[in-house]
Amino acid sequence: MAVIQVERKPLTFAERTYIPQIVGGLRTTLKHLFRKPLTLEYPEQRPVIPVGYRGVPTLVKDPNGREKCVSCQLCEFVCPPKAIRITPGEIPADSTNAHVEKAPQAFDIDMLRCIYCGLCQEVCPEEAIWLQNQFSMSGYTRAEMVNNKAKLYELGGTLPDSHFKWDKKKSAEEHGNAH
Amino acid sequence: MTVGLNEYLYLSAILFAIGFFGVLLRKNTLIIYMCLELMLVASTVALVAFSHFNRTMDGNVFVFFILTVAAAEVAVGLAIIVALFRRRQTIMVEELNALKN
Amino acid sequence: MSPDILFYFFAALTAGSALAVVLNKNTIASALCLLVSLVGVAAIFVLLDAFLLAALMVFVYAGAVVALFLFIVMLLDTYGGDRKPFKKATIVSSGFALALLVLGLVTFADRGALETPAAEASATAVVPVGASLRAYGEQLFTTYLLPVQIVGFLLLIAMLGVIVLSKKFEGLEDVK
Amino acid sequence: MFDFYFEIPHWIRLVVQGLAVMLVMFPIAAACSMAERKIAAWIQDRPGPNRTIAPILAWVPGIGFLQRLGLFQLAADGGKFAFKEDAVPGHVNKLYFIAAPIIAMIPALTTVVAVPFGAYIDSAGKLVPIVLANVDLGILVVFAVSSLGVYAVILAGWASNSKFPFLGGIRASAQLISYELSMTLSVLPVFLWTNGPLATDAPGSFTGSLSLARVVEFQSQAGFWGGAWFIFLMPLSAFIFLVALFAETNRQPFDTVESEADLVNSFGSEYGAFKWSLFYVAEYAHMLIGSAIFMLLFFGGWNPLPWITLSDVAHFLGFAHLPIVTGIVGIGIFVGKVLAMIFFFMWVRWTLPRFRYDQVMAIGWKKLLPLAIANLVAYTIGIALL
C-alpha cells in the first residue's frame with residue numbers, strides 16, 4: 001500500500017483570524033434558536049415504544065386467562081444477574097388446568113438486579129415471560145422494587161396465542177391420544 | 001477643628017514612618033517592597049495636600065509621575081525578586097548572605 | 001457627614017491598614033491590607049479634590065500593582081507564618097523610635113506648624129485645583145513635556161528590563 | 001415635579017440611590033441567569049425550564065406564558081439560594097472565604113454610578129443625561145473600580161485552600177490584568193475623537209472630558225460625522241473592546257477561569273448557596289456594565305438608530321416637552337440595546353468552544369495588544385491630520 005501524502009493547505013489570512021468561522025458558527029446557532037424543540041415533555045408526552053422493545057420483564061396469561069408459566073425455572077437458571085426467584089408449586093387437582101401439573105407459587109423479579117438482557121424471554125419454552133414496553137420502574141424502598149407474581153401478571157396482561165398447547169394436550173388426553 | 005494642611009501632613013508622616021519601620025523590621029523581601037510602596041504613597045499624600053492648599057497644579061502633576069514610576073518600579077522589582085527566588089529558593093533577606101564570608 | 005469626619009475615618013483606615021501590612025504574619029493578608037490602605041489614600045485624594053489621581057491610584061496601584069504582588073506571592077508560594085516574633089531589642093528600639101516620631105509631630109504642631117494657606121480662597125474657587133482633567137492635560141504637555149517623555153522612555157526601559165530579567169538564559173541556571 | 005427629591009438631605013438621597021442600584025441590578029442579573037438557561041436550551045433545540053409555578057398563581061388565567069418563559073423558576077432558584085444551608089468547608093481561610101463574594105459585589109455595583117443610562121430634554125431644550133454621578137472621569141472611574149474585581153477571584157481562589165480554586169485564581173488574575181491593557185487602549189481613540197479637532201466646532205464644550213455621557217452626546221450631533229456611531233468610525237476599536245470585554249467578564253470563549261471541564265468550577269468550587277450566587281450576580285453585573293459601556297461608546301447609547309437621535313424622535317412624535325416620557329423612552333432604548341448585547345454574549349457562549357489557557361494568553365499579549373497599539377497610533381495620526 002502506497003503512502004499518500006496529503007498536502008494540507010496553509011490557512012488563509014481570513015481563516016487565521018478565526019472571524020469567518022465564528023460568524024459561520026453564530027449563523028448555525030441562530031438557525032437552531034428558532035427551530036422547534038426536539039424534546040418531549042416527558043410525563044405528559046410519551047415516546048412511541050417500538051415493537052420488540054425490551055422493557056420490564058412481565059408474566060403473561062394466554063387468551064383463556066390461564067397462567068402460562070409452568071415454573072420450569074429455566075429463566076431462573078439462565079438469568080445472568082440472578083434476578084429471578086421462582087418457588088414452584090403444584091396445581092390443585094380440582095383445577096381445570098390440573099393436567100399442567102405445575103405453576104409458580106411465587107415468582108419474584110428483583111428489578112434492582114435485572115439488566116433487561118431478555119435471556120429469560122429467549123429461554124422460556126412456554127412464552128410466559130415477556131419483556132414489554134414498560135420502561136420506567138421506581139419505588140421508595142428496595143422491597144418495592146421486587147416485582148412479585150401478582151404485579152408481574154398485572155404488568156404483563158394477556159398476549160395473543162394461537163397454539164393453546166395445553167388445551168390441545170388436554171383434549172388429546174380426553175380422546176385417549178396421549179401423543 | 002477643621003482639617004487643614006497639617007492634618008494631611010501628619011497622616012503623610014505617619015504613613016511614611018510605618019513604611020519605613022516596615023522596611024527595617026521585616027525580613028520578607030515582598031513585604032519590604034510593599035512598605036516601600038507605602039512610603040511612596042505617603043509622599044504623594046503630602047504632595048497632593050500641598051497642591052490642594054496652595055492652589056497650584058504642580059504637586060498633582062508630580063504625583064502623576066510618581067504613580068507612573070512606581071508602576072514601572074514594581075514591575076522591575078518583582079521581576080528581580082522572582083529571578084532571585086529562582087536562583088536562591090528564598091526571599092528572606094537574612095538568608096541572602098552570599099557576600100558575608 | 002462633614003468632610004472632617006470623613007478625613008479622620010479614612011486617615012484611620014489608611015494608617016491602621018498600613019500598620020497591619022507591617023505586622024501581619026501572612027504575606028497575602030499583608031498585600032490585602034496594602035490594598036485597603038491604598039483605597040484609603042484614594043479616598044483622601046478625593047477629599048483633596050484630586051479626582052483623577054484618586055482614579056489613577058485605584059486603577060494603577062490597587063488594580064494592578066497589588067494584584068501583581070498577590071500574583072507573585074502565590075507564584076513563589078511563600079505565604080503563611082513566615083514572620084518570626086520580633087526580638088526584644090527590636091521592640092524596645094521601635095518604641096523609642098515611635099516616641100521620637102510622636103515627639104517630632106507634637107513639636108511640629110506646637111510650633112504653629114504650617115499655615116493652611118488661604119483656606120477661604122480655595123472654598124470659593126469655582127473649580128478646585130486638580131478637579132478638571134483639562135488642567136492636567138495642559139500642564140503635562142506644556143510645562144512638564146520633557147518629564148512626560150522621560151517617563152515614557154523609562155517605562156519602555158522597565159519593560160525591556162523585565163523581559164530580560166524573566167527570560168531564562170542557557171547555562172546561567174546551573175551556576176549556584 | 002421631583003423637587004421634593006432634591007429637598008431631602010443629601011445622605012438620604014445617596015442611600016436611596018444606592019438601594020435603587022441594588023434593587024435594579026440584582027433582579028436584572030438574576031433574570032440574565034434565567035435568560036442564559038433559556039437561550040442555551042433554545043439553541044440546543046430544547047424548551048428549557050418551563051414548569052415551575054407557585055400553586056396559587058396557577059389559577060390565574062393566561063399565566064402559562066410566563067410559566068413557559070421560566071419566570072417562576074427564577075424565583076424558585078433565588079429562593080433556593082437564599083434558604084439553602086450555607087456550608088463553609090472546614091479547611092478554608094474563613095475570613096477571606098466569606099469576604100471574597102462580598103468583594104466581588106462591590107465593584108460590580110459601584111461601577112453603575114458612572115454609567116449614564118438615558119437622557120431627557122429639560123425646559124431649555126437641552127438633552128440632559130440621566131446618570132448617578134456625571135463626573136468628568138467617566139470611563140476612568142469605571143475602569144478603575146472594575147479593575148478591583150480581580151481581587152474577589154484571587155481571594156476566593158486562595159482562601160478556598162484547595163488546588164483547583166487556587167489555579168483558577170491565578171489564571172483569573174493573569175487574564176484580567178492582560179486584557180485590561182488592550183481594553184483601555186482600544187477606547188482611547190474614541191476619546192481622542194470626542195476631544196479632538198472635530199469637537200471644537202461642536203455645540204457646547206466637548207473638550208477635556210472622559211465622561212461617557214459626552215461620548216453619546218457627541219454621537220447624537222447633527223451632520224454625517226456627528227451622528228455616525230463610533231462602530232462605523234472605528235470598527236477595529238470596537239472589535240478589540242468587544243474581545244477584551246469577553247475576556248474581562250470571563251465569558252466564553254475566554255472562560256478559562258471557571259472552565260468546568262478542567263478546573264471543576266475553579267474559584268467557585270468550594271462555594272455554595274448564597275455566596276456562590278453572589279459570584280454569579282457579580283459576573284452578570286459585570287456583563288451588564290460592560291455591555292452598557294460598549295453600547296455607549298460604539299452604538300450611540302440611547303439614540304435609536306445611527307443619524308437618528310433621541311431628540312429627533314422626541315420632536316417627531318411630539319413628546320419632547322415631557323421630560324418623563326423622553327426619559328423613559330431613552331432608558332427603554334438603551335436597556336433594549338444592552339439586553340441585545342447580553343443576548344449576544346449568550347449566543348457566543350453557546351456557539352464557540354473555550355480557548356486553551358495558553359491560547360488566551362497568546363491572543364491577549366501577542367495579537368490583541370499590538371493590534372490595539374497599532375490602532376491607537378493610526379487613529380492618533382489620523383485625528384491629528386483632520
Side-chain angles (χ1 to χ4, degrees), chain C residues 1-3 5-6 24 26-29 31-36 38-39 42 45-46 49-77 79-80 127-128 130-141 155-156 159 163, chain D residues 9-12 14-15 93 95-96 99-100 103 106-107 110-111 114 133 135-155 157-159 161 166-178 180-181 184 191 195 205-211 214 365:
Chain C
M1 291 286 258
S2 70
I5 297 171
L6 285 179
N24 236 316
N26 189 315
T27 319
I28 290 208
L32 291 169
C33 290
L34 180 67
L35 174 68
V36 176
L38 292 171
V39 172
F45 282 2
V46 171
D49 295 324
F51 302 119
L52 176 72
L53 291 179
L56 282 181
M57 196 77 181
V58 175
F59 196 21
V60 175
Y61 258 113
V65 167
V66 179
L68 214 57
F69 266 116
L70 279 176
F71 191 71
I72 298 295
V73 172
M74 288 177 175
L75 189 75
L76 301 189
D77 202 15
Y79 48 82
V127 178
S132 90
L133 285 176
R134 205 194 169 103
Y136 282 97
E138 278 172 2
Q139 289 279 311
L140 281 177
F141 290 101
L155 283 176
L156 180 68
M159 194 172 78
I163 292 170
Chain D
H10 188 58
W11 65 274
I12 294 182
L14 293 180
V15 170
N93 193 330
L95 175 67
Y96 298 112
I103 292 177
I106 293 173
T110 313
T111 39
V135 285
D136 262 1
L137 293 172
I139 187 96
L140 198 59
V141 170
V142 175
F143 279 162
V145 178
S146 65
S147 72
L148 294 181
V150 67
Y151 291 106
V153 180
I154 297 183
L155 214 55
W158 175 70
N161 194 12
F166 183 68
L167 276 176
I170 294 264
R171 279 187 183 188
S173 54
Q175 179 177 330
L176 293 186
I177 293 174
S178 319
E180 216 162 69
L181 283 173
T184 317
F191 288 98
N195 293 310
S205 166
F206 278 123
T207 49
S209 173
L210 294 176
S211 163
R214 287 288 171 84
W365 288 106

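In what follows, chains carry the letters A, B, and so on, assigned in the order in which the sequence lines appear, proteins first and then strands, with residues in each chain numbered from 1. As a basis for the values below, the full set of heavy atoms in this structure was taken, side chains included, without hydrogen atoms, waters or symmetry mates.
- No part of C/Ala42 comes within reach of chain D, as not one of its non-hydrogen atoms sits under 4.5 angstrom from that chain.
- Residues satisfying the ring pair (Phe, Tyr, Trp, His ring centres under 6.0 Å) test with C/Phe71, not counting sequence neighbours, are none.
- Contacts between D/Thr184 and chain C at a heavy-atom distance below 4.5 Å involve the side chain alone, from C-beta outward.
- Here side-chain hydrogen bond (donor to acceptor under 3.5 Å, both in side chains) pairs that include residues 65-75 of chain C, with residues two or more places apart or in two chains, number zero.
- Side chain of D/Tyr151 to backbone of C/Ala67: a donor-acceptor contact under 3.5 angstrom is found.
- With a threshold of 4.5 angstrom between heavy atoms, D/Leu95 does not approach chain C through any atom at all.
- Looking at C/Val60, there are no atoms closer than 4.5 Å to chain D (heavy atoms on both sides), in backbone or side chain.
- In terms of heavy-atom pairs under 4.5 angstrom with chain C, the leader among D/Ile170, D/Val150, D/Val141 is D/Ile170.
- Remark: D/Leu155 CG to D/Ile103 CD1 distance equals 5.0 Å, nearest 0.5 Å.
- Contact of the C/Phe51 side chain with the D/Leu140 side chain is not registered, since no non-hydrogen atoms from C-beta on lie closer than 4.5 Å.
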